[in-house]
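One structure is given below, encoded as structure tokens.
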Protein chains: 2
Amino acid sequence: MEPFNDNYFMKQALIEADIAFQEGEIPIGAIIVSEGHIIGKGHNRTECLNDVTAHAEMQAITAAAETLGGKYLNNCTLYVTVEPCSMCAGALGWSQISKVVYGTGDNKRGFTNISPKALHPKTEITAGVLEEQCKEMMDHFFKTKRG
Amino acid sequence: MEPFNDNYFMKQALIEADIAFQEGEIPIGAIIVSEGHIIGKGHNRTECLNDVTAHAEMQAITAAAETLGGKYLNNCTLYVTVEPCSMCAGALGWSQISKVVYGTGDNKRGFTNISPKALHPKTEITAGVLEEQCKEMMDHFFKTKRG
């Protein structure tokens with residue numbers, strides 16, 4: 001049986017990213033885990049909802065808060081295939097989430113460049129989990145789009 | 001007849017903030033204007049929705065995109081009673097909104113301190129419109145809460 005580690009949970013985020021890909025969306029997926037259980041999932045839906053706020057992380061945060069019945073995500077970990085942007089890092093900051101794990105970086109829009117102080121100061125960050133797979137999914141999408 | 005200027009539209013944002021106040025929420029309101037028409041409104045709903053993403057600006061962005069039938073808010077202006085946070089500034093950045101007008105600043109969580117690069121570089125910013133009224137509403141709320 002596969003252990004419930006960072007790779008396992010990032011694979012679940014990649015499954016979410018693939019749903020976005022199939023829907024013609026930029027393929028980014030996110031899940032939120034509490035005590036070994038997935039309590040929220042999301043994938044990018046900005047095109048189908050015509051809404052710039054519909055990033056994978058935002059959907060996952062809303063879903064996790066719904067599951068918990070409370071808006072704070074202390075003791076939770078977010079797994080997301082691509083480095084969060086300022087908006088998502090700001091939302092994660094408000095949620096007081098304990099840990100953020102991402103796959104591939106985003107030099108242009110990622111929070112580590114644009115908004116390094118957006119997360120809560122106590123939030124742990126791990127980068128590069130299944131980085132190649134997360135990056136390949138993005139590259140494949142943009143290659144397809146550009147014909 | 002009152003002219004349709006920044007003060008007029010900020011008053012409409014204050015009406016939204018007052019709705020939040022009446023609902024026991026931190027009283028922040030926002031509206032989005034396109035060609036002199038209000039195309040989206042929002043007030044803070046983080047408590048009633050149990051959702052950290054439910055800021056006034058986010059609600060207004062989603063509503064405006066719904067009205068327009070498209071996710072980009074070029075040629076639109078956001079009026080918000082309090083300086084946007086990183087999350088909201090990031091969302092406004094993605095929306096490519098033309099102008100952001102806010103009432104009172106937020107030294108602790110406002111984007112100008114935390115995420116000055118989150119907005120689109122072409123977005124104009126105007127601060128301090130009806131600043132006293134916007135600040136008073138916040139002060140009144142926190143005074144009431146702290147008994």
Side-chain angles (χ1 to χ4, degrees), chain A residues 25-26 28 30 32 40 42 44-74 76 78 83-97 106 108-121, chain B residues 25-26 30 32 40 42 44-74 76 78 83-97 106-121:
Chain A
E25 302 274 357
I26 295 178
I28 301 176
I32 292 177
N44 180 35
R45 301 191 73 199
T46 50
E47 294 303 322
C48 74
L49 295 180
N50 254 338
D51 187 344
V52 297
T53 73
H55 282 195
E57 300 94 316
M58 305 296 275
Q59 315 271 314
I61 290 167
T62 300
E66 177 79 20
T67 303
L68 292 177
K71 65 182 177 161
Y72 294 115
L73 304 177
N74 312 97
C76 295
L78 172 93
E83 182 186 345
C85 71
S86 293
M87 171 179 74
C88 295
L92 291 163
W94 287 115
S95 80
Q96 301 178 12
I97 202 161
D106 178 352
K108 202 173 161 196
R109 298 282 206 155
F111 80 98
T112 55
N113 270 338
I114 309 284
S115 309
K117 294 185 289 183
L119 286 184
H120 193 276
Chain B
E25 303 273 356
I26 294 177
I32 292 177
N44 179 34
R45 302 191 73 201
T46 49
E47 294 303 323
C48 74
L49 295 180
N50 255 336
D51 187 344
V52 296
T53 73
H55 283 194
E57 300 94 316
M58 304 298 274
Q59 316 270 314
I61 290 167
T62 300
E66 176 79 20
T67 303
L68 292 177
K71 63 182 179 160
Y72 294 114
L73 304 177
N74 313 96
C76 294
L78 172 93
E83 181 186 345
C85 71
S86 293
M87 172 179 73
C88 295
L92 291 163
W94 286 115
S95 80
Q96 301 178 14
I97 201 160
D106 178 353
N107 287 334
K108 203 173 160 198
R109 298 283 207 154
F111 79 97
T112 54
N113 269 338
I114 309 284
S115 308
K117 294 185 288 183
L119 286 184
H120 193 274

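Naming convention: chains lettered A, B, ... in sequence-line order (proteins, then strands); numbering from 1 in each chain. Here the structure is a predicted model, which means the values were calculated and not measured.
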When A:Ala89, A:Ala65, A:Ser115 are compared by non-hydrogen pairs under 4.5 Å with chain B, the top option: A:Ser115
Heavy-atom proximity to chain A below 4.5 Å, by part of B:Ile114: both
Shortest non-hydrogen contact from A:Ala91 toward B:Met87: CB-SD, 3.5 Å
Most contact-rich option vs chain A, by heavy-atom pairs under 4.5 angstrom, among B:Asn50, B:Thr46, B:Leu92, is B:Asn50
Sort out for me which residue in B:Asp51, B:Val52, B:Thr53 forms a side-chain contact (heavy atoms from CB on, under 4.5 Å) with A:Trp94. B:Val52
Relative to chain A, which of B:Gln96, B:His55, B:Glu66, B:Arg109 shows the most heavy atom pairs under 4.5 Å? B:Arg109
Got A:Phe111 and B:Ser86 here, is their nearest side-chain heavy-atom distance under 4.5 Å? no
